[in-house]
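Predicted model only: the values in this text are computed from it and were never measured. Values below: all heavy atoms of this structure, side chains included; hydrogens, waters and symmetry mates excluded. Below, chain A is the first sequence line, B the second, and so on; all start at residue 1.
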There are 2 protein chains.
Amino acid sequence: MSDFAIEKPVPYYEKLYHTIKKMIFEGKLKPGDRIIETQLAKDFNVSKSPVREAIRILEKEGLVIVDQKSRVMVYQPTMKDVEEIYFCRMALESFAVELVTRIATNDELDEIEKTLMHTEQAIRDSQKNDTIITLNELFHSLIINYTQNSRLQKQLNDLKSLIYFFRVLNTQGENRADNILNQHRKIFECIKRREADQASQAMINHLKLDLEHLTEILSNSYEETKL
Amino acid sequence: MSDFAIEKPVPYYEKLYHTIKKMIFEGKLKPGDRIIETQLAKDFNVSKSPVREAIRILEKEGLVIVDQKSRVMVYQPTMKDVEEIYFCRMALESFAVELVTRIATNDELDEIEKTLMHTEQAIRDSQKNDTIITLNELFHSLIINYTQNSRLQKQLNDLKSLIYFFRVLNTQGENRADNILNQHRKIFECIKRREADQASQAMINHLKLDLEHLTEILSNSYEETKL
DNA sequence: GATGATTTGTGCGTATGTATG
DNA sequence: GCATACATACGCACAAATCAT
């Protein structure tokens, strides 16, 4: 096994890209916060060049925005943005699940089913929210991965990044976890019965409900979030 | 009309991004060509910093790729890539047309119809291929725009960029322009009759045929293009 | 093959211009 | 206006890869 992987030294701009992204996900940089390249360069003991390159990538990804005066800030999705993103998710994921219904192997179906069972278990055990969220995301990821379309995966990953903050909000509410699980189950049943159209429709319904739920929660907390 | 647009000076990195992109579209930089930042910096009389930032954006967009040794090259789509991209287009555009069928105003329908008539005229007049290609693309653009979803527009724009080279190839062949026009007509008829599902299906069929046609042409010229 | 020269990418410090208070 | 903070861009230094001898 002469697998001498060439360990390519990761350049600073790439490391910084990941680091800044992580800081946004972890809330160390909040939506609307300014990003000062000088400051970041100082914090990480690097020059501004790699910081700027990292920012250009994040800008293209949509995670940071640059205003008229070239000031960089963390992306703050508007309600319209959220709707647009969900619309795209519906398009991509409904098509994906339709395809997967046709081509998935039985092993792959088992894998999805296992995830649903783990989720059920987690809810029953009153596991902390994070675990359940992760399992829910795994459900979607499995379907997307089974299409074996890497571009689709990338597109959906980027879309989800943009509303990452809301993943916790989305699980708030009475019996919310159970509701989501039931919707996932419905989708899975369609897949298992190899009913592509129904699976597709079930996915759209699921995402529509997700969006409605999110909309409601967000409009309730309008004052704080200033969407 | 006190429209004092603040003329924000466009920074070099942004200009360079557009310029390089244009060079790729115009074939001055061909798929697989190396991009030397030192060279570009010299050519445009700028330093390497803005060139590098432009490259990071293009890299994120997928138009250039960076190999293991950090060498930058123009993206060269593989057959698998083309299929993946078309798959995403099917998902997004079929969903888009479905929505548009439901919400488009009559004026908007007229606009689409007008485009089809212009195309017919252009074919009858044996206009040059470019005109017809532009009109065909306009057909798709109109539908996408009428969804009023800017993110969808951006996603599809980026996708189309990645296979921009093939737009000419796609119109090659016996009666190809007529065939495409007929498929567009079918889609439009569904929209006009407000039959959302049929419109969606017609769009998928259209793109499937496009992909098949492209696949055939590309596999014929396999030797030259090394896909 | 080894080795020196050249090309190229990575990253830094500094200068300049612009906005903000 | 003046001072500060910041983004933009440049030229240089260094290192790694490539090429020629």
Legend entry - N or O in side chain of B/R34 less than 4.0 angstrom from C/dT7 OP1/OP2: no
Inset, instruction - Fit a plane to each ring of A/H206 and A/H140, take the angle between them on a 0 to 90° scale, and name the class: parallel (under 30°), tilted (30 to 60°) or perpendicular (over 60°). - result: parallel
Legend entry - Gap between atoms CD and C1', on A/Q39 and D/dT4 respectively (whole Å): 14 Å
Inset, instruction - Could you check how far CZ of A/R71 sits from C1' of D/dA7, rounded to whole Å? - result: 11 Å
Legend entry - Nearest-Å distance for atom pair CD/P, residues B/E14 and D/dA7: 16 Å
Legend entry - A/E37 side chain to A/K48 backbone, donor-acceptor under 3.5 Å: no
Inset, instruction - Check whether any side-chain N or O of A/S70 sits under 4.0 Å from OP1 or OP2 of D/dT8, and answer yes or no. - result: yes
Inset, instruction - Compare side-chain N and O positions of A/R56 against OP1 and OP2 of D/dA7 and report whether any pair is under 4.0 Å apart. - result: no
Inset, instruction - Measure the distance from CG on A/D43 to P on D/dC6 and round it to the nearest whole Å. - result: 12 Å
Legend entry - Carboxylate-amine/guanidinium proximity below 4.0 Å for A/E83 and A/K80: no
Inset, instruction - Could you tell me whether a side-chain N or O of A/D110 sits under 3.5 Å from a main-chain N or O of A/D107, the two making a donor and an acceptor? - result: no
Inset, instruction - Would you please indicate if the ring centroids of B/F87 and A/F95 are separated by under 6.0 Å? - result: yes
Inset, instruction - Rounded off to whole Å, could you give me the CG-to-P distance for the B/L40 and C/dT8 pair? - result: 11 Å
Inset, instruction - Give B/I35 one of three labels, base, sugar-phosphate or nothing, depending on what nucleic acid heavy atoms sit under 4.0 Å from its own. - result: sugar-phosphate
Inset, instruction - Would you kindly give the CD-to-P distance between B/Q68 and C/dT10, to the nearest whole Å? - result: 13 Å
Inset, instruction - Indicate yes or no: does B/K160 engage B/E137 in a salt bridge with an N to O separation below 4.0 Å. - result: no
Inset, instruction - Look at A/T38 and D/dA5 and indicate whether a side-chain polar atom (N or O) is within less than 4.0 Å of OP1 or OP2. - result: no
Inset, instruction - Go through residues 46-53 of chain B and report each residue with a non-hydrogen atom lying under 4.0 Å from DNA chain D, sorted by number. - result: B/V46, B/S47, B/K48, B/S49, B/P50
Inset, instruction - For B/E37 and D/dA17, give me the distance from atom CD to atom P, rounded to whole Å. - result: 15 Å
Legend entry - Side-chain ion pair, B/E98 and B/R102, N-O less than 4.0 Å: yes
Legend entry - Closest nucleotide among D/dT18, D/dT8, D/dC10 to the B/K69 side chain: D/dT18
Inset, instruction - Find the distance B/K42:NZ to C/dT6:P and express it as a whole number of Å. - result: 13 Å
